[in-house]
Amino acid sequence: MRAPGARLVRKLAPGLILTSAAAGLSAQESAVVQAPEEAVTQASSPNFLIVVADDLGWSDIGALGGEIRTPTLDSLAREGTVMTQYYVAPTCSPTRSMLMTGLDNHSAGVGTMHGLAAPNQTGRNYAAQLHDDVVTIAEALAGKGYETLMSGKWHLAIDEAQRPHKRGFDRSFSLLPGGASHFADQRWLNPTEAVVYLEDGEPATVPADFYSSINYTDKLLQYLGERDRTRPFLAYLAYTAPHDPLQVPDEWLDRYRGAYADGPGAIRQARNERQKAAGLFPADGQLWEPPQFPWILPNKLDPWDERDDEERFESERRMEIYASMVELMDQQLARVIEHLRERGDLENTYVLFFSDNGASSSAPSIYPGNTPEWLAENWSLATEDFGNPGSFAVMSREWATVANTPWRMFKGAVGEGGIRSPFIVRGPRIPAGVFNDALSHVIDVAPTLYALAGVAPEQDPLFAGKLLPQGVPLHAVWTGESQSVRNGFAVELFGSRAIRSEDWKATMIRPPQGSGRWELYDLGNDPGETMDVGAQHPQLLQRLQGDYQQYVQQNGVIHPKGMPTPTPRAFYPSECDWFCELRFSVFAWLPKPSPTTD
């Protein structure tokens, strides 16, 4: 275990999987790279390209151990730095609110997701959208002469005043809700959120051959091609891949046919072995094992070699389509990188890539209002339709565990699998081909951009009477001028909570995902969060709980009361016949742990 707060930097090897062996050192020696001591001195007014994937798992890119073909992201990793301890919120819009403002999501107005507030969660912090007392990165950089461009998912506005064109973006093509069909049919994910596309604030139509990753990229390339080249730019590319429903164009349906025939356990183990070889996970580290569902539930899965051909085929197809979505997104990002390279803009552009949260284990019924009847009327869950328009395929719990390797849990939870995101940065003065273990957080992105662009929120009139960013600039860590800029963070969503201090992390995760009590993990020795050591360190756990309460007070956190607990039905991804429904009904009568409501 390294000293708390120390920054470990390892060289990435050439090729798809990037390891410390390239430096000729063992994983234990870790090849600490000498960082430049001089302060950051770079050309004025750099450009910024921020690319956010939707529900991407930590190990889904080759640079972090995945088998999915991601040559663009792997190239960015070789040419830049991978931050291995970068954290986000457990779900989409809270992360995006922090990115846009540099504030905790509660303070930014997105204390919970739209439609998921408990009865006691009211007020500005729980409006599920930005509010007027925050400044967005687009507004702040526009004030410094930047041209601000956006294409993709917004998910931060219910009122018109909070839409992209009202929050600082000169040009924007935006999907307003949290998701939709990836095709032109514009099917709703749930009956509570209409699918709305806007361009510069006006209703936008999509072409008949629309596919999200391709057309979001098309729009951003259009805006970049039309921009005023005398001005620097902020470009925000917010993909909805690989968020469910898992869908790809016809020519992508079979790109990974047969690639996952060995099953999720074998694929997860292979990813973890590559992570160990790269020094990303201890050689003797233990992986968290998801608890099994009770035998009475349809969710209970047999071991892979005991399933029949139909069961294995259904499972494989989920991951095959998901992998195709990730590779297609990577291919589209390549178009943007090549455009910047051809225009001579790339070397003065900071490219930031990350995911808004970890991979999702949920089923279509998790969304507000998604009854079996509504789903049957509007979507197909049939295996033969996976990937096509009208199909609401999800990746399932077992493949989400693979995507989040080596971390615990999934999207929506405060385990590492829900909140630790892959993060790649490439740009001026960024060391090439290293893993950097300094702790960082999505609220640090806005202050970093401000520092690099010359925005001083404390003195800028634009911020007068507004909330100032809470994050800290990261560029000194990126370049090696500083070993660390933060020692911890806290997070709360849906009543589940976590606080990290150095290598210690305390969590309280509501049932059914967690125990409903505070637990303590030593991430330095147990990054997989497999052993609760709270009983061995009661005073430390108590101190961290006290620190968490300070976070609550600072950010106006309201823990939910009266919020229903998700049922196992919300995690069952397949079609459910009468016997399947009966089993869920019987299970519902069995006694359950009471959720935490304080």
Side-chain angles (χ1 to χ4, degrees), residues 47-54 89 92-103 105 108-110 113-114 127-180 186 193-206 210 212-213 215-228 231-241 243 336 352 354 356 442 445-446 449-450 453 455 462 466-467 469:
N47 305 310
F48 302 108
L49 170 62
I50 301 174
V51 183
V52 178
D54 203 346
C92 314
S93 55
T95 289
R96 293 161 201 273
S97 71
M98 293 191 281
L99 167 66
M100 283 293 132
T101 66
L103 287 154
N105 58 289
V110 191
M113 303 278 286
H114 177 54
Q129 65 176 349
L130 299 179
H131 53 73
D132 291 338
D133 289 335
V134 299
V135 177
T136 70
I137 55 175
E139 291 166 333
L141 292 177
K144 280 291 182 180
Y146 275 72
E147 192 160 358
T148 53
L149 316 169
M150 182 229 163
S151 182
K153 174 174 166 176
W154 182 239
H155 206 192
L156 293 173
I158 299 169
D159 301 333
E160 182 178 356
Q162 305 306 331
R163 293 175 177 178
H165 71 292
K166 296 284 190 177
R167 296 314 311 248
F169 284 98
D170 298 320
R171 301 298 314 273
S172 60
F173 177 81
S174 57
L175 171 67
L176 287 188
Q186 299 185 50
E193 283 191 300
V195 176
V196 178
Y197 287 100
L198 298 177
E199 184 161 22
D200 301 333
E202 298 296 326
T205 58
V206 300
F210 178 88
S212 63
S213 296
N215 290 86
Y216 293 159
T217 305
D218 287 345
K219 273 297 176 185
L220 187 67
L221 288 173
Q222 175 193 332
Y223 297 157
L224 287 168
E226 296 171 350
R227 74 180 183 87
D228 179 356
R231 299 168 59 190
F233 67 82
L234 163 69
Y236 176 39
L237 181 54
Y239 288 117
T240 46
H243 193 293
V336 181
L352 283 66
F354 62 94
D356 59 355
V442 64
V445 172
L449 270 55
Y450 296 161
V455 176
L462 185 65
K466 309 286 187 180
L467 297 176

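Numbering starts at 1 and runs along the sequence shown. Since we're looking at a predicted model, the values are computed, not measured.
Scanning both residues, Q162 and A157, for their nearest heavy atoms gives O-CB, 3.3 Å.
Atom CE in M98 sits 10.0 Å away from atom CG in D356 (nearest 0.5 Å). Considering CG of L198 and CZ of R163, their distance stands at 5.0 Å, rounded to 0.5 Å. Atoms CG and CD, on L149 and Q222 in that order, are 10.5 Å from each other to the nearest 0.5 Å. In this structure, CG in L220 is found 11.5 Å from OG in S172, a value given to the nearest 0.5 Å. Interatomic distance, CG of L176 versus CD of E160, reported as 10.0 Å (0.5 Å rounding). For the atom pair CE of M150 and OG1 of T136, the computed distance is 11.0 Å after rounding to the nearest 0.5 Å.
Applying the side chain to side chain donor-acceptor pair (under 3.5 Å) rule to D54 yields the partners K153; only residues at least two apart in sequence or on another chain are considered. Remark: E199 engages R171, K219 in a salt bridge (Lys or Arg N to Asp or Glu O under 4.0 Å) (not counting sequence neighbours). Remark: T148 pairs with D170 by the side chain to side chain donor-acceptor pair (under 3.5 Å) rule, at least two apart or across chains. Qualifying ring pair (Phe, Tyr, Trp, His ring centres under 6.0 Å) partners for Y239, counting only residues two or more places apart in sequence or in other chains: none. Considering only residues two or more places apart in sequence or on other chains, D132 meets the salt bridge (Lys or Arg N to Asp or Glu O under 4.0 Å) condition with none of them. Applying the side-chain contact (heavy atoms from CB on, under 4.5 Å) criterion to D159, with sequence neighbours excluded, gives Q129. Under the rule for a side chain to side chain donor-acceptor pair (under 3.5 Å), the partners of R227 that lie at least two apart in sequence or sit in another chain are D345. Partners of V195 according to the side-chain contact (heavy atoms from CB on, under 4.5 Å) rule, which considers only residues two or more places apart in sequence or in another chain, are L175, A180, Q186, W188, Y197. Here F48 pairs with Y146, Y350 under the ring pair (Phe, Tyr, Trp, His ring centres under 6.0 Å) rule; sequence neighbours left out. Applying the ring pair (Phe, Tyr, Trp, His ring centres under 6.0 Å) rule to Y450 yields the partners F463; only residues at least two apart in sequence or on another chain are considered. Remark: E202 engages no residue in a side-chain contact (heavy atoms from CB on, under 4.5 Å) (not counting sequence neighbours). Scored by the salt bridge (Lys or Arg N to Asp or Glu O under 4.0 Å) test, E139 finds R167 as partners (sequence neighbours excluded).
Of the possible donor and acceptor atoms, none in the side chain of D133 sits under 3.5 Å from a partner among the backbone N and O of K466. With hydrogens and angles disregarded, a donor-acceptor distance shorter than 3.5 Å links the side chain of S97 to the backbone of P94. With hydrogens and angles ignored, the 3.5 Å screen pairs a side-chain donor or acceptor of N47 with a backbone N or O of F233.
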- Would I137 and Y236 count as a side-chain contact (heavy atoms from CB on, under 4.5 Å) if you check the C-alpha gap in whole Å, the side-chain angles of each, and the deciding distance to 0.1 Å? CA-CA 10 Å; I137 55 175; Y236 176 39; over 6 Å; no

- Check against side-chain contact (heavy atoms from CB on, under 4.5 Å), L49 and V336: CA-CA 9 Å; L49 170 62; V336 181; 3.8 Å; yes

- Message: Between L462 and V455, does the side-chain contact (heavy atoms from CB on, under 4.5 Å) criterion hold? Intermediate values first, please.
- Response: CA-CA 10 Å; L462 185 65; V455 176; over 6 Å; no

- Show your working on side-chain contact (heavy atoms from CB on, under 4.5 Å) between I158 and H114 and close with a plain yes or no. CA-CA 9 Å; I158 299 169; H114 177 54; 3.5 Å; yes

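Under the 4.5 Å side-chain criterion, counting only non-hydrogen atoms from C-beta, L156 is in contact with V110. Annotation: side chain of S174 is not in contact with side chain of H165 (no heavy-atom distance under 4.5 Å). Here the side chains of L103 and V134 are in contact, with some heavy-atom distance below 4.5 Å. In this structure, the side chains of W154 and L130 come closer than 4.5 Å at one or more pairs of heavy atoms. In this structure, the side chains of T101 and V135 stay at 4.5 Å or more apart for every pair of heavy atoms. The shortest side-chain heavy-atom distance between L99 and V52 falls under the 4.5 Å cut-off.
Ring planes of F210 and F173: tilted class, angle from 30 to 60°.
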